[in-house]
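Every chain is numbered from 1 and lettered A, B, ... according to where its sequence line falls, protein lines coming before strand lines. As a basis for the values below, the full set of heavy atoms in this structure was taken, side chains included, without hydrogen atoms, waters or symmetry mates.
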2 protein chains.
Amino acid sequence: MSDHKTKDTQDRILDSAELLFSEQGIAATSLRSITQRAGVNTAAIHYHFGDKLALIEAIVSRRIAPMNRERLKRLDELEAAGGHREIDIAELLRAYLGPVVAAQAEWGEGARKLGALMARLRIEQTDIEALFAHFQDLHDRYAKALARALPELGKDEAGERLDYATGAMIHLLMHAHESSESAASGLEQRFERMIHFLAAGFRAPSEPNTRHRFANPDVVDVVGRVAEQGART
Amino acid sequence: MSDHKTKDTQDRILDSAELLFSEQGIAATSLRSITQRAGVNTAAIHYHFGDKLALIEAIVSRRIAPMNRERLKRLDELEAAGGHREIDIAELLRAYLGPVVAAQAEWGEGARKLGALMARLRIEQTDIEALFAHFQDLHDRYAKALARALPELGKDEAGERLDYATGAMIHLLMHAHESSESAASGLEQRFERMIHFLAAGFRAPSEPNTRHRFANPDVVDVVGRVAEQGART
DNA sequence: GTCTATAAAAGGATAGAC
DNA sequence: GTCTATCCTTTTATAGAC
């Protein structure tokens with residue numbers, strides 16, 4: 001443990017920022033509220049990080065980048081160990097999603113809602129080009145691995161399904177705290193159930209070209225326009 | 001119908017707000033930027049709606065509430081038509097997710113990114129209790145229907161999987177504009193592929209109780225800290 | 001209903017003493 | 001490195017003329 005107060009202040013700011021960003025959103029969180037909650041001075045953020053964007057980047061460096069490195073590492077390990085055998089889908093999904101869920105489970109209060117934070121980083125346009133590139137690379141590598149394990153799929157459809165898996169995981173993380181079971185083991189079990197669900201989806205053969213409309217003919221009703229006719233209730 | 005300019009102004013504000021909210025986020029979007037883009041006066045929002053929260057509620061009333069009514073209506077129709085036959089999972093999922101995707105496809109420029117807007121409404125804590133209640137009801141009814149169609153599942157696990165489906169759909173909507181295929185039919189095809197993927201997941205039997213860790217032993221690496229840190233509360 | 005002007009508050013950022 | 005004080009900008013919101 002270092003005695004430097006510097007480190008402590010920086011970490012406190014990062015912890016506080018992570019928590020508030022994930023709870024309220026990045027744009028909605030003022031630097032003042034971050035320093036206030038961290039118990040440090042108002043000017044501390046600017047001294048230690050520069051500005052708000054730099055603070056976000058620091059959060060990414062501390063948490064998200066290492067997490068993504070772990071995800072890539074686990075893919076490396078699977079591919080190295082697998083040799084020429086085909087890799088199990090569920091194992092691939094665990095390698096892809098597990099480090100994220102693990103991170104949320106292990107981290108302290110500061111990132112209890114990692115899923116929300118990640119969702120926000122994706123949604124709120126934070127111009128962290130490096131982050132985006134990193135996610136892109138991760139996605140590509142896993143999409144390729146999945147396409148290899150499921151040759152019938154093709155890389156594009158594997159990539160699509162991988163996005164759905166990501167969306168599912170974000171929902172899991174965001175609702176994790178609502179679990180009625182004991183926090184830690186509950187999350188683990190829900191994760192396993194999610195993997196099971198997703199793996200079954202991935203194993204589904206690529207649909208030929210059935211054509212189905214997502215809308216009923218009278219869907220225009222949805223828009224709040226027209227279509228008063230023909231509605232039987 | 002009406003010649004009143006009032007209606008036009010209100011709609012222009014709503015269109016503009018929808019677009020900007022979905023692109024930049026609610027908190028990050030100023031009322032000024034909304035009126036500016038709508039080409040109406042700065043004070044118009046306050047005159048017509050009151051404040052920012054009321055504006056959000058107006059958006060919900062105009063778009064999201066009707067959309068959710070459609071989703072419930074389609075469930076009603078499926079249950080009525082089905083009688084005692086068991087309802088097809090894919091059909092249930094189309095009824096649940098279709099109206100959302102249809103809405104994004106049908107609506108004008110104002111809501112091109114409906115998925116993002118919905119995600120934001122969920123994530124950014126907008127205190128619209130009514131909206132939340134409405135989503136809750138929707139979720140419950142579909143979870144029950146799915147549990148009925150898949151008796152082995154149980155309502156809780158059906159509800160979990162339904163959340164994953166929602167997460168997947170949000171990803172679909174958010175990335176819909178990136179489609180390389182022609183916008184409309186591309187979305188339709190991707191939607192069908194997603195349904196196919198999700199339905200396969202839903203049909204997977206409930207996993208007994210295999211126990212798997214989502215983390216490798218050295219997952220602590222993910223956190224960027226070292227493992228000898230020891231236990232915590 | 002629409003506009004201009006402006007009040008009142010909050011946010012990001014910095015200077016300079018300690 | 002930390003603190004106080006402050007500047008500048010943006011934002012919500014309102015008052016009042018037209």
Side-chain angles (χ1 to χ4, degrees), chain A residues 1-62 117 120-121 124-128, chain B residues 1-62 117 120-121 124-128:
Chain A
M1 305 285 178
S2 72
D3 292 325
H4 303 305
K5 279 228 157 183
T6 305
K7 191 81 198 312
D8 286 335
T9 296
Q10 285 187 354
D11 274 345
R12 287 164 69 140
I13 290 173
L14 289 172
D15 289 343
S16 172
E18 261 175 3
L19 180 62
L20 292 175
F21 282 164
S22 59
E23 278 182 350
Q24 312 174 331
I26 297 171
T29 301
S30 70
L31 300 186
R32 277 182 168 77
S33 65
I34 294 172
T35 52
Q36 208 165 351
R37 193 194 161 83
V40 302
N41 190 266
T42 320
I45 288 181
H46 291 97
Y47 176 78
H48 286 286
F49 300 98
D51 62 359
K52 196 175 185 176
L53 183 59
L55 173 63
I56 299 172
E57 281 172 346
I59 290 177
V60 170
S61 298
R62 187 176 71 148
L117 180 59
R120 286 178 201 286
L121 282 172
E124 308 189 24
Q125 99 294 25
T126 33
D127 293 330
I128 309 183
Chain B
M1 300 272 166
S2 70
D3 293 326
H4 304 305
K5 280 229 159 183
T6 305
K7 191 84 198 316
D8 286 334
T9 297
Q10 285 187 353
D11 274 346
R12 288 163 69 138
I13 290 172
L14 289 173
D15 289 343
S16 172
E18 262 174 4
L19 179 64
L20 292 175
F21 283 164
S22 60
E23 278 182 349
Q24 310 174 334
I26 297 170
T29 300
S30 71
L31 301 184
R32 270 183 166 72
S33 65
I34 294 173
T35 53
Q36 208 166 350
R37 182 170 224 289
V40 303
N41 189 265
T42 319
I45 288 181
H46 290 99
Y47 176 78
H48 287 286
F49 300 97
D51 63 358
K52 197 175 186 176
L53 184 58
L55 173 62
I56 298 173
E57 281 171 348
I59 290 178
V60 170
S61 298
R62 187 177 70 149
L117 179 60
R120 287 179 200 285
L121 283 172
E124 308 190 25
Q125 99 298 21
T126 32
D127 293 330
I128 310 182

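Applying the side-chain contact (heavy atoms from CB on, under 4.5 Å) test to A:N41 and every residue at least two apart in sequence or in another chain returns A:A43. Listed by chain and residue number, B:R12, B:S16, B:V40 satisfy the side-chain contact (heavy atoms from CB on, under 4.5 Å) test with B:A38 (two or more places apart in sequence, or in another chain). Applying the side chain to side chain donor-acceptor pair (under 3.5 Å) rule to A:T35 yields no partners; only residues at least two apart in sequence or on another chain are considered. Partners of A:T29 according to the side chain to side chain donor-acceptor pair (under 3.5 Å) rule, which considers only residues two or more places apart in sequence or in another chain, are A:Q24. With sequence neighbours excluded, the residues forming a side chain to side chain donor-acceptor pair (under 3.5 Å) with A:S30 are A:S33, listed by chain and number.
Within the structure, no pair that satisfies the salt bridge (Lys or Arg N to Asp or Glu O under 4.0 Å) test touches residues 25-36 of chain A, not counting sequence neighbours.
Atom C1' of nucleotide D:dT4 and atom OH of A:Y47 are separated by 17 Å, given to the nearest angstrom. When the P atom of D:dG1 is taken as reference, atom CG of A:D8 falls 11 Å away, rounded to whole Å. Note: CD (A:Q10) to C1' (D:dT2) measures 14 Å, nearest angstrom. Between A:L31 atom CG and D:dC8 atom P the separation is 19 Å, expressed in whole Å. Summarising the geometry, the separation between CG on A:L20 and P on C:dG11 is reported as 12 Å, rounded to the nearest angstrom. Atom-to-atom, CZ of A:R32 to P of D:dT9 comes out at 16 Å; the value is rounded to the nearest Å. Distance A:I26 CD1 to C:dG11 P: 16 Å, rounded to the nearest Å. When rounded to the nearest whole Å, the span between NE2 of A:H46 and P of C:dA13 equals 4 Å.
The stretch residues 51-60 of chain A comes close to DNA chain C through A:D51, A:K52, each having a heavy atom under 4.0 Å from the strand.
When all heavy atoms are compared, the tightest approach of B:D51 to B:H46 is CA-CD2, 4.4 Å.
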Do any N or O atoms of the protein come closer than 3.5 Å to N or O atoms of nucleotides 3-5 of chain C, and which pairs are they?
unit_1	atom_1	unit_2	atom_2	d
C:dC3	OP2	B:N41	N	3.4

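In terms of phosphate contacts, B:T9 brings a side-chain nitrogen or oxygen within less than 4.0 Å of OP1 or OP2 of C:dT2.
Of the options A:I59, A:I34, A:I13, a side-chain contact (heavy atoms from CB on, under 4.5 Å) to A:E18 is made by A:I59 and by none of the others.
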